[in-house]
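Read the numbers this way: they start at 1 and go in the same order the structure lists the ligands and their atoms.
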Amino acid sequence: MKEKLTAPELRRQKGGTPLVWLTAYDFPGAQLAEEADVDVILVGDSVGTTVLGYPSTIPVTMDDMVYHAKMVRRGAPHTMMIVDLPFLSYVTPEIALQNAGRLMQEALADGVKLEGGRSILPVIDALVQHEIPVVGHLGLTPQSIHRMGGYRVQARTADAIEALVDDAQVLADHGIIALVLEGIPDRVAQYVTESIPVPTIGIGAGHQTDGQVLVFHDCLGLSSSYPKFAKPFAHVRQAMLEGITQYRREVTERQFPDETHSYHVPDKEWQEFWHRRHPASSSSEPAR
Ligand code: KIV
């Protein structure tokens with residue numbers, strides 16, 4: 001049986017074979033991710049846009065995260081599962097502890113991820129001190145969409161690069177087990193990767209990070225549009241659409257269900273039923 005990665009093992013993978021992370025939001029998705037042997041499943045607050053139909057991750061609640069993380073845990077009991085703390089769920093160390101505690105105790109998470117740098121250090125310290133493995137997230141942080149003015153590539157000026165590199169160093173010094181780098185230039189991601197002792201996990205951050213993470217729907221071609229950095233490795237949306245269209249056609253043309261997809265009653269039982277209900281009928285072969 002597959003051995004679940006532990007937090008110390010994850011940290012030791014720094015600089016080794018690139019780590020494969022994938023988001024999942026439900027039982028079947030988690031089963032597939034575990035069967036495909038991904039290293040880490042991230043229950044991302046991207047559930048808001050991919051599954052719940054919101055325009056951003058801002059409306060996602062703690063109850064949403066607990067609900068989806070529980071499904072994922074049941075589908076992937078042997079894979080490390082990191083769960084996002086959603087918008088406004090870590091505004092103080094006390095609130096963060098309470099909410100991260102829910103993810104660890106109710107959903108059996110192996111750790112939590114939260115967005116931000118030095119400004120959230122008190123929160124990170126509280127979680128780490130209370131033995132909750134923490135993954136950081138820098139660069140394009142979707143919970144800051146209003147400040148960023150949209151989903152824009154970050155760290156493109158010398159000042160912004162310096163701030164991000166300093167944030168990464170501080171987070172690493174304060175005990176995070178991994179750092180997600182999203183939507184930043186490849187050179188910046190490589191520099192951060194070479195500067196800190198914890199694994200960096202890139203998404204839209206080039207190929208020099210210690211691992212990659214992709215959103216489940218983007219990875220499988222289930223999304224209706226894709227960011228530049230995403231590569232669909234299958235075309236599941238098209239296959240689903242073709243399946244549903246074919247189903248519709250066969251129902252309207254009475255091709256489905258056919259004999260092989262129907263249940264049958266023995267002739268003798270049917271004849272007996274028929275004659276009981278229609279004793280005056282001369283027909284021995286009831287109409288169907
Ligand atoms: O919510 C999410 O899926 C994420 C990944 C894109 C890193 O944070």
Side-chain angles (χ1 to χ4, degrees), residues 10 18-26 29-30 33 38-62 64-69 71-72 76 79-90 99-100 103 107 109-117 120 133-145 148 150-155 164 168 171 176-184 189 192-193 198-207 209-220 222-223 225-232:
L10 180 71
L19 289 153
V20 181
W21 291 35
L22 182 67
T23 71
Y25 313 105
D26 60 16
V38 304
D39 294 303
V40 175
I41 292 178
L42 172 67
V43 186
D45 60 355
S46 51
V47 68
T49 49
T50 54
V51 175
L52 302 177
Y54 295 133
S56 75
T57 58
I58 303 292
V60 176
T61 64
M62 268 309 298
D64 291 332
M65 294 311 298
V66 171
Y67 179 70
H68 285 276
M71 289 184 230
V72 169
T79 304
M80 181 183 232
M81 180 180 82
I82 302 295
V83 185
D84 266 346
L85 280 167
F87 186 64
L88 294 188
S89 69
Y90 48 99
N99 286 325
L103 296 174
D110 297 305
V112 300
K113 175 169 83 58
L114 61 175
E115 299 179 4
I120 59 161
V134 175
V135 173
H137 185 160
L138 293 174
L140 193 171
T141 45
Q143 291 174 20
S144 313
I145 183 173
M148 294 183 304
Y151 297 118
R152 299 184 198 291
V153 176
Q154 301 294 299
L164 186 134
L171 293 185
I176 58 168
I177 60 164
L179 177 62
V180 169
L181 294 172
E182 178 169 357
I184 60 172
V192 172
T193 300
V198 300
T200 57
I201 308 300
I203 174 163
H207 69 280
T209 50
D210 296 305
Q212 297 290 327
V213 57
L214 260 192
V215 165
F216 187 88
H217 293 55
D218 291 346
C219 178
L220 292 178
L222 197 47
S223 307
S225 64
Y226 298 87
K228 171 186 163 84
F229 61 77
K231 173 178 172 183

- Without swapping roles, check the side chain of H68 against the backbone of Y25 for a donor-acceptor pair under 3.5 Å. yes

- Item | Nearest-0.5 Å distance that lies between atom OH in Y151 and atom CD1 in I145 | 3.5 Å

- Message: Can you tell me how far apart CD (Q154) and CE (M148) are? Round to the nearest 0.5 Å.
- Response: 5.5 Å

- Message: Test your reading of the model: is there a side-chain donor-acceptor pair from D39 to the backbone of W21, 3.5 Å cut-off?
- Response: no

Under a 3.5 Å threshold, I'd like every N/O contact between ligand 1 and protein atoms, with atom names and distance.
residue: ligand 1; atom: 1 (O); partner: D45; partner atom: N; Å: 3.2
residue: ligand 1; atom: 1 (O); partner: D45; partner atom: OD1; Å: 3.0
residue: ligand 1; atom: 1 (O); partner: S46; partner atom: N; Å: 3.0
residue: ligand 1; atom: 1 (O); partner: S46; partner atom: OG; Å: 3.3
residue: ligand 1; atom: 1 (O); partner: D84; partner atom: OD2; Å: 3.1
residue: ligand 1; atom: 3 (O); partner: S46; partner atom: OG; Å: 2.5
residue: ligand 1; atom: 8 (O); partner: K113; partner atom: NZ; Å: 2.8

- Identify the heavy atoms of L85 and A100 that sit nearest to each other, and give their distance. CD2-N, 3.9 Å

- Item | Smallest separation among heavy atoms of T79 and V38, with atom names | CG2-O, 3.8 Å

